[in-house]
Amino acid sequence: MSDPIGDDRHSPCPHLVHRYPDRVLLIPTHACAIHCRYCFRKEKLASSPKAFPFSDLLPAFDYIRKHTEITEVILTGGDPLLLPDKTLGLLRSTVEDIPHLRALRIHTRMPIVSPKRITPRLVRALSGKLLVTFVTHANHVRELCAETKTAAELLRRAAFVLLNQTVLLKGVNDDADTLATLFQELFYSHGIKPYYLHHCDLTRGLLHFRTSIDCGLRIMETLRGRLSGVCLPQYVLDLPGGHGKIPLCPPYIHARKGFAWTFRSPTGVLCDYEEVIPENPP
Ligand SMILES: *Cc1c(COP(=O)(O)O)cnc(C)c1O
Ligand code: SF4
């Protein structure tokens, strides 16, 4: 598909996607430091001008000002960190001046692919009144290096929250050991919490990278029993047509009869569980 997760359907004005009530995607650049074969936005990125004037974002800011249910602005792209610090500072202060906003999130691969981009000057440009979250994107432990660790330390000293998303890719990371190493290294060495493991979107040209959902579920089942919860991301699928992300979970609920449940443990043991609840359950 050319728009695998249906961004276009939820775009009320240019450079903005509003699919969930409390958060919006703001796309301040179509440029990216690298070009991932599996990128769900690659056709959009390839067909749009890489740079545009800041004033093109003004309708998006007007929209956000009018919609008081929005609490979080997510800068994505492309890669927002390809913009100069000054522009990022301007974005941050514009967002900060909207009273109902509480958090600024930045989806970026720069700490992984070009970690020297993370500088004290960048941190200053993004620091202010809002909670800042960085969501990095690493798929294999070999992508992490000493510079990534230094970058992560700089961001953590600034009290930014660090999360990571990973794409499940055949032949790259589609086994429990590879992912366990990546997730533990991200959290224990870099302080970056694994957030999402994405099932591949239906992007054109990546059949050779696709795994089955069964494969992803088996991996998650293995990891659940093995890794600390702080290292464990949620396995998700972004539904085509703009219907949003859903968690893909191994079937831990085996059976139920009223309030008598049978659950399956991470090691495959069936456990009965009788709920204890007040007489009029909510
Ligand atoms: C993924 C996504 C988000 C962010 O979702 P979280 O679950 O908060 O990470 C927001 N808007 C759109 C359109 C998305 O695709
Ligand atoms: S880093 Fe993200 S936006 Fe850039 S090409 Fe890769 S998946 Fe797409």
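Counting convention: from 1, in listed order, for ligands and their atoms alike. By convention here, the first residue in the shown sequence is residue 1. Values reported hereafter were calculated over all heavy atoms of this structure, with side chains retained and with hydrogens, waters and symmetry mates removed.
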**Study point:** Identity of the nearest option to atom 3 (C) of ligand 1, non-hydrogen atoms only, from Lys245, Arg19, His198, Gln234
**Key:**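 Selected option, by shortest heavy-atom distance: Lys245.
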Return the closest protein heavy atom for [atom] as residue, atom name and distance.
atom	answer
atom 8 (Fe) of ligand 2	Cys39 SG, 2.3 Å
atom 8 (O) of ligand 1	Arg23 NE, 2.5 Å
atom 7 (O) of ligand 1	Tyr196 OH, 2.5 Å
atom 4 (Fe) of ligand 2	Cys32 SG, 2.2 Å
atom 1 (S) of ligand 2	Arg109 CD, 3.3 Å
atom 2 (Fe) of ligand 2	His137 ND1, 4.1 Å

For this output row, return yes or no: ring centroids of [X] and [Y] closer than 6.0 angstrom.
X	Y	value
Phe263	Tyr252	no
Phe40	His198	no
His10	Tyr20	no

Distance filter under 4.0 Å to [X] heavy atoms, resulting ligand 1 atoms:
X	answer
Arg105	4 (C), 6 (P), 8 (O), 9 (O)
Val17	13 (C)
Tyr20	2 (C), 3 (C), 10 (C), 11 (N), 12 (C), 14 (C)

Check your understanding: Is a side-chain donor or acceptor of Ser114 paired with a backbone partner of Met110 at a separation under 3.5 angstrom?
Key ->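 Not at all, since once roles are kept as given, no pair shorter than 3.5 Å links the two residues.
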Practice item. Give a yes or no on whether the backbone of Asp174 and the side-chain of Thr178 come within a donor-acceptor separation of less than 3.5 Å. Key: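 Checking the backbone N and O of Asp174 against the side chain of Thr178, no donor-acceptor pair under 3.5 Å is found.
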Review point. Does ligand 2 have a heavy atom under 4.0 Å from the side chain of Cys36, from its backbone, from both, or from neither?
Key: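 For Cys36, the contact with ligand 2 is made by both the backbone and the side chain.
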Exercise for review: Pick one of side chain, backbone, both or neither for how Asp79 approaches ligand 2, counting any non-hydrogen atom pair under 4.0 Å.
Suggested key: neither
Check your understanding: What do you reckon, does Tyr195 have a nitrogen or oxygen under 3.5 Å from a nitrogen or oxygen of ligand 1?
Key -> yes
Review point. Between Ile74 and ligand 1, which part of the residue brings a heavy atom under 4.0 Å of the ligand: side chain, backbone, both or neither?
Key: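 Contact part for Ile74 vs ligand 1: side chain (C-beta onward).
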**Study point:** Any side-chain heavy-atom pair of His100 and Glu69 under 4.5 Å
**Key:** no
Check your understanding: Side chains of Val135 and Ile106: does their closest heavy-atom pair fall under 4.5 Å?
Key -> no
Review point. Passes side-chain contact (heavy atoms from CB on, under 4.5 Å), Leu169 versus Tyr38? Steps please.
Key: CA-CA 9 Å; Leu169 299 167; Tyr38 50 80; 3.6 Å; yes
Check your understanding: Does the ring-ring contact (aromatic ring centres under 6.0 Å, His included) test come out yes or no for His30 and Phe52, once each step is laid out?
Key -> CA-CA 9 Å; His30 294 125; Phe52 47 83; 5.6 Å; yes
